[in-house]
Number of protein chains: 2
Amino acid sequence: MSNLSARSEDYLKAIFKLQEEKKVVRVKDLAQCLDVRSPTVVGVISGLKESGLVDQEHYGYISLTSEGDALARSLVQNEDILRSFFEEVFSLDSEEAGLNACNIEHYITPTCRERLVSFIKFLEICGRGSPKWLGHFRHFVLTGEPPPCDRCSEILPVDEKACEKD
Amino acid sequence: MSNLSARSEDYLKAIFKLQEEKKVVRVKDLAQCLDVRSPTVVGVISGLKESGLVDQEHYGYISLTSEGDALARSLVQNEDILRSFFEEVFSLDSEEAGLNACNIEHYITPTCRERLVSFIKFLEICGRGSPKWLGHFRHFVLTGEPPPCDRCSEILPVDEKACEKD
DNA sequence: TAACAAAAATAGGCGAGGCTAACAATGTCC
DNA sequence: GGACATTGTTAGCCTCGCCTATTTTTGTTA
């Protein structure tokens with residue numbers, strides 16, 4: 001995808017996010033954010049500098065090159081798509097959705113990503129973000145009770161209508 | 001999850017799968033399957049032996065201990081769940097679904113896995129594997145045309161019924 | 001401005017998971 | 001049973017991403 005290791009992508013994403021919220025990014029911030037020690041950051045950053053994705057002057061702040069920014073932005077975007085999916089469809093809480101999204105983001109193929117986007121868009125179109133069947137699924141997850149559409153598709157048109165109201 | 005690196009999990013899964021189809025597993029088979037050289041396999045396997053997950057006598061065949069077998073089975077099962085999801089819900093072709101599943105399997109949290117299982121079960125219950133909305137989604141993915149349920153939920157009960165027939 | 005605190009960089013080490021080249025064991029076939 | 005091909009192992013090296021200990025630079029403050 002990006003020719004970078006998963007870990008380097010993590011560093012790039014972290015820089016991007018920190019830049020948004022803090023304006024300047026220091027080695028120390030990154031270390032804290034990624035839960036590693038400063039020398040580790042220095043090492044990885046030096047690789048990203050060589051790849052032309054990151055700028056930093058000696059003992060100075062860290063920033064993304066335009067190339068690095070574009071890449072980081074797309075990675076973060078992928079992560080956001082995944083998080084939305086996990087939150088909205090799978091009803092994971094924000095933290096767990098984020099964890100899954102962050103870890104998985106490196107590995108999904110472009111088509112898979114595209115399908116995720118489509119799926120979320122589909123939800124929007126077909127039920128303003130939450131079509132009926134999704135409510136049924138959430139109910140199923142929480143209670144284990146089979147969804148009402150079960151009955152619908154087995155019995156009468158009358159009941160189908162009832163289900164739709166559900 | 002398993003306290004093992006993602007890569008070690010790959011080796012374990014590969015042994016499990018090869019064992020199913022070939023009965024005996026050799027270093028060479030694993031090397032081919034994982035696209036690495038024999039010495040690499042020997043190195044990783046030696047770690048798995050120390051962890052008590054794999055058995056092998058000197059210059060002999062490789063097999064899973066009962067512990068290794070149990071672990072590998074659960075990993076492969078997770079992978080299968082993901083593949084089903086990608087194939088059935090996202091309409092990815094078999095190969096791409098497998099690729100995503102294999103790469104992602106290491107990273108999903110237990111709750112996320114559970115939701116995947118629930119989701120697939122939900123599809124089974126609510127439409128014998130393929131409820132109407134899923135057909136609509138597939139159509140949406142292929143053509144970009146908005147799903148009919150869009151119209152349904154905006155207009156009249158009569159049309160709702162029409163949608164259900166769709 | 002000199003001293004000290006904070007942050008970044010360097011030096012050097014470690015384990016995982018790759019590799020090649022060389023060597024050892026095993027199996028097969030005349 | 002000896003020769004040779006196949007396969008597994010060992011040795012030794014590399015990169016990545018992590019670490020601790022130490023040094024260098026920068027910033028602050030008396």
Side-chain angles (χ1 to χ4, degrees), chain A residues 1-15 18-19 21-64 68 71-72 75 102-103 105-107, chain B residues 1-15 18-19 21-64 68 71-72 75 102-103 105-107:
Chain A
M1 219 95 314
S2 64
N3 203 18
L4 247 52
S5 71
R7 205 52 182 141
S8 291
E9 290 185 351
D10 285 336
Y11 279 77
L12 225 47
K13 287 191 287 182
I15 297 169
L18 286 169
Q19 211 161 36
E21 66 186 50
K22 301 196 55 172
K23 229 60 208 156
V24 294
V25 181
R26 287 169 306 182
V27 169
K28 195 191 62 157
D29 302 324
L30 267 177
Q32 190 182 351
C33 175
L34 293 162
D35 196 28
V36 295
R37 305 291 170 186
S38 313
T40 307
V41 174
V42 172
V44 175
I45 290 301
S46 116
L48 292 172
K49 281 194 273 189
E50 276 181 14
S51 306
L53 298 168
V54 161
D55 278 334
Q56 182 204 27
E57 24 194 78
H58 219 54
Y59 287 90
Y61 296 134
I62 293 163
S63 63
L64 296 166
L71 178 51
L75 297 173
C102 171
N103 289 332
E105 172 269 311
H106 311 290
Y107 303 104
Chain B
M1 218 98 309
S2 63
N3 203 17
L4 247 52
S5 70
R7 204 52 181 144
S8 290
E9 291 186 350
D10 284 336
Y11 280 78
L12 226 47
K13 288 190 286 181
I15 297 169
L18 286 169
Q19 211 160 35
E21 65 186 53
K22 300 196 54 171
K23 231 58 205 159
V24 294
V25 180
R26 288 169 306 184
V27 170
K28 195 191 65 157
D29 302 325
L30 267 178
Q32 191 182 350
C33 176
L34 293 161
D35 196 27
V36 296
R37 304 291 170 186
S38 313
T40 306
V41 172
V42 172
V44 175
I45 289 301
S46 115
L48 292 172
K49 281 194 275 189
E50 276 180 14
S51 306
L53 298 168
V54 161
D55 278 334
Q56 182 204 27
E57 21 192 81
H58 219 54
Y59 287 90
Y61 295 133
I62 292 163
S63 64
L64 296 166
L71 178 50
L75 296 174
C102 171
N103 289 331
E105 172 269 312
H106 312 289
Y107 304 104

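Below, all heavy atoms of this structure are taken into account, side chains as well, without hydrogens, waters or symmetry copies. Below, chain A is the first sequence line, B the second, and so on; all start at residue 1.
With rounding to whole Å, B/Asn3 atom CG is found 15 Å from C/dG15 atom C1'. Rounded to an integer number of Å, the gap from A/Leu48 CG to D/dG17 C1' is 12 Å. Atom P of nucleotide D/dT6 and atom NZ of B/Lys28 are separated by 10 Å, given to the nearest angstrom. Between the NE2 atom of A/His58 and the C1' atom of D/dT24 there is a distance of 8 Å, given to the nearest Å. Distance, A/Arg26 CZ to D/dG27 C1': 12 Å, rounded to whole Å. Counting to the nearest Å, the P atom of D/dG17 and the CG atom of A/Asp10 are 10 Å from each other. Atoms CD (A/Glu57) and P (C/dA8) sit 13 Å apart, rounded to a whole Å. We find that CG of A/Leu4 is positioned 17 Å from P of D/dT15, with the value rounded to whole Å.
How far CG of B/Leu75 is from SG of B/Cys102: 10.5 Å, rounded to the nearest 0.5 Å.
For B/Glu57, the CD atom counts as loosely surrounded, since its 6.0 Å shell holds 12 or fewer non-hydrogen atoms of other residues, nucleotides or ligands.
Counting only heavy atoms from C-beta outward, the side chains of B/Ile15 and B/Gln56 never approach each other to under 4.5 Å.
Summary of the strand contacts: B/Gly60 and A/Ser8 both lie near DNA chain D, and taking for each the nucleotide with the nearest heavy atom, the more 5' one is attributed to B/Gly60.
In this structure, A/Arg37 does not reach the D/dC18 phosphate: none of its side-chain N or O atoms is under 4.0 Å from OP1 or OP2. Checking the phosphate oxygens (OP1, OP2) of C/dA9, a side-chain nitrogen or oxygen of A/Gln56 falls inside 4.0 Å. In terms of phosphate contacts, A/Ser38 brings no side-chain nitrogen or oxygen within less than 4.0 Å of OP1 or OP2 of C/dA9. Residue A/Ser5 has a polar side-chain atom (N or O) positioned under 4.0 Å from OP1 or OP2 of D/dG17.
Counting atom types as modelled, B/Tyr59 pairs no side-chain N or O with a base atom of D/dT9 as donor and acceptor under 3.5 Å.
Applying side chain to side chain contact (heavy atoms under 4.5 Å, CB included) to A/Tyr61 and the options A/Val24, A/Val27, A/Val25, A/Asp55 leaves one that passes, A/Val24.
Among the atoms of the strands shown, base atoms are found under 4.0 Å from some heavy atom of B/Thr40. Looking at heavy-atom distances under 4.0 Å, B/Tyr61 makes no contact with the nucleic acid at all.
Here the closest heavy-atom approach between residue B/Ala31 and residue B/Ser38 is recorded as CB-N, 4.1 Å.
Axis angle, first five pairs versus last five pairs of the helix from C/dT1-D/dA30 to C/dC30-D/dG1: 10°, rounded to 10°.
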